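In what follows, chains are A, B, ... by sequence order, proteins preceding strands, each numbered from 1. Computed from a prediction, not measured in an experiment: that's the story for all the values here.
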Protein chains: 2
Amino acid sequence: MLSRASKYAILSTLFLAQHSSEERKISVKEIAESIDVPSPFLAKLFQQLVRGKIISSTKGPHGGFYLSEKNKMKNVLDIIENIDGLNKINSCFMGLNECDSTNPCPVHFIVEPFKNNILGKFRDKTIMEFAKEISDKGRLLTLKDISPSFEEPHE
Amino acid sequence: MLSRASKYAILSTLFLAQHSSEERKISVKEIAESIDVPSPFLAKLFQQLVRGKIISSTKGPHGGFYLSEKNKMKNVLDIIENIDGLNKINSCFMGLNECDSTNPCPVHFIVEPFKNNILGKFRDKTIMEFAKEISDKGRLLTLKDISPSFEEPHE
DNA sequence: TTATTAAAAGACCTTTTTATCTTTTAATAG
DNA sequence: CTATTAAAAGATAAAAAGGTCTTTTAATAA
């Protein structure tokens with residue numbers, strides 16, 4: 001449904017929305033470590049997101065990635081479109097080429113409302129609104145294992 | 001969410017449920033053409049489904065694939081389990097490693113009910129019941145383009 | 001009992017996705 | 001103006017998914 005690349009891109013962009021600003025740019029490395037994704041891979045994705053005007057970057061000392069005011073108005077679906085294209089997420093759950101309400105696959109009428117629901121969420125909120133909601137509701141934004149668990153003593 | 005392999009396997013098994021019987025076995029080639037999937041690939045999947053006791057086969061003249069009475073009691077989730085394993089379909093929509101209701105990803109509470117719904121459908125109906133429902137409700141079971149469209153005259 | 005048929009087995013190939021590494025470019029702090 | 005920093009670019013590699021082909025095995029009809 002979503003490629004790993006899109007998932008990384010979404011999580012990282014939302015992370016930028018929460019933690020970066022024009023004055024406080026963040027390096028790939030820092031983000032990759034926070035989200036727990038391979039940083040060279042994320043670097044590639046970020047290049048593409050910059051080209052797609054989803055995020056912004058500057059080089060050099062204190063450079064890094066951040067969201068401009070325009071970037072903040074984008075939504076999550078823009079990220080998906082930029083990385084996976086829209087076809088992938090819109091395609092039939094069972095893989096049928098011609099699946100619609102007049103010619104439905106066996107699970108069409110279960111999948112359709114779900115898709116509308118989740119795509120609505122990805123389309124109707126700006127990145128900034130989405131990020132705020134995530135902060136407010138305390139949603140998880142990392143691939144890391146967060147369980148406190150037993151800390152193996154290091155020595 | 002589902003690999004292409006799983007999708008092919010589900011469609012083909014449901015096709016067997018509808019069109020085959022112990023007396024009327026069907027060859028890979030015939031099924032592959034009906035569903036419109038690559039037949040050597042489907043052959044591999046069928047070998048695995050036979051090993052997993054989801055479908056049955058016999059070699060030789062008038063041999064082919066069919067569903068035994070026991071096979072007919074399996075469900076779609078058994079197919080998915082056999083091909084993809086259960087982890088894949090149960091994994092978090094955003095790819096988080098630790099996503100559950102106490103530590104939810106940003107779309108957890110949208111995805112969860114959908115998953116319960118669709119997994120329920122895949123678990124609670126036997127293959128045979130599922131196939132009947134599909135016939136009764138007139139659901140599509142092929143990757144083929146079915147649009148009547150304009151038939152390009154061949155000569 | 002033999003020829004034929006169709007699945008089983010397994011080697012192999014291709015494409016896509018994911019991930020890494022090295023070099024170049026540009027920004028800026030000093 | 002130079003050293004340093006961090007992204008951009010691009011080449012490359014590794015893994016997974018998808019797909020093909022050839023040989024072997026087993027069933028059965030004649």
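The pair A:K132-A:E129 does not count as a salt bridge, with every side-chain nitrogen at least 4.0 angstrom from each carboxylate oxygen.
Atoms CG and CG, from A:L96 and B:L141 in turn, are 7.5 Å apart once rounded to the nearest 0.5 Å. Between atom OG of residue B:S12 and atom CD1 of residue B:I79 there is a gap of 9.0 Å, rounded to the nearest 0.5 Å. A:I83 CD1 to A:L49 CG: the interatomic distance, rounded to the nearest 0.5 Å, is 4.5 Å.
Regarding contacts with the backbone of C:dT18, every side-chain N or O of A:Y8 stays at 4.0 angstrom or more from both OP1 and OP2. Taking 4.0 angstrom as the limit, A:S57 places none of its side-chain polar atoms (N or O) nearer than this to OP1 or OP2 of D:dA6. Within the structure, every side-chain polar atom (N or O) of B:S27 is placed at least 4.0 Å from both OP1 and OP2 of C:dT5. B:R4 has a side-chain polar atom (N or O) that falls below the 4.0 Å cut-off from OP1 or OP2 of D:dG19.
Of all nucleotides listed (C:dA7, D:dA8, D:dA9), D:dA9 comes nearest to the side chain of A:R51. Picking from D:dA7, D:dA29, C:dA8 the nucleotide with the shortest atom distance to the side chain of B:P61 gives D:dA29. Distance from the side chain of B:P40 is smallest for D:dC21 among the nucleotides D:dG10, D:dC21, C:dA7. For A:H62, counting side-chain heavy atoms from C-beta on, the closest listed nucleotide (C:dA9, D:dG18, C:dA29) is C:dA29. For A:P38, taking side-chain heavy atoms from C-beta onward, the closest of the listed nucleotides C:dA19, C:dA27, C:dT5 is C:dA19.
Within 4.0 Å (heavy atoms only), B:L45 reaches no atom of the nucleic acid at all. In this structure, A:I83 reaches neither bases nor backbone, as no heavy-atom distance under 4.0 Å exists between it and the strands shown. Looking at heavy-atom distances under 4.0 Å, A:F65 makes contact with sugar-phosphate atoms alone, never a base. In this structure, A:S39 reaches neither bases nor backbone, as no heavy-atom distance under 4.0 Å exists between it and the strands shown. Contact annotation for B:A43: no contact, since no heavy-atom pair falls under 4.0 Å across all strands.
Not a single donor-acceptor pair, N or O on each side, falls under 3.5 Å between the base of C:dA7 and the side chain of B:Q47. In the interface, the side chain of B:K44 is not paired with the base of D:dG18 through any donor and acceptor atom under 3.5 Å apart.
Summarising the geometry, the separation between CD on B:Q48 and P on C:dA7 is reported as 17 Å, rounded to the nearest angstrom. The NZ-P distance, from A:K25 to D:dA8, rounds to 12 Å in whole Å. Regarding B:I35, its CD1 atom lies at a distance of 15 Å from the P atom of D:dG19, rounded to whole Å. In this structure, A:D84 places its CG atom 8 Å from P of C:dT17, rounding to the nearest Å. Protein atom CD1 of A:I55 is 14 Å distant from nucleotide atom C1' of D:dA6, rounded to whole Å. The distance from atom CZ of B:F41 to atom C1' of C:dA8 is 17 Å, rounded to the nearest whole Å.
Ring-plane geometry between B:F122 and A:F93 is classed as tilted, the angle between the planes lying from 30 to 60 degrees on a 0 to 90 degree scale.
Along DNA chain C, the nucleotide nearest to A:A5 and the one nearest to A:G60 differ in position, and the one closer to the 5' end is contacted by A:A5. The residue among A:K29 and B:L2 whose nearest nucleotide of DNA chain D lies closer to the 5′ end is A:K29.
The number of heavy-atom neighbours closer than 6.0 Å to NZ of B:K29, taken from other residues, nucleotides and ligands shown, is 12 or below.
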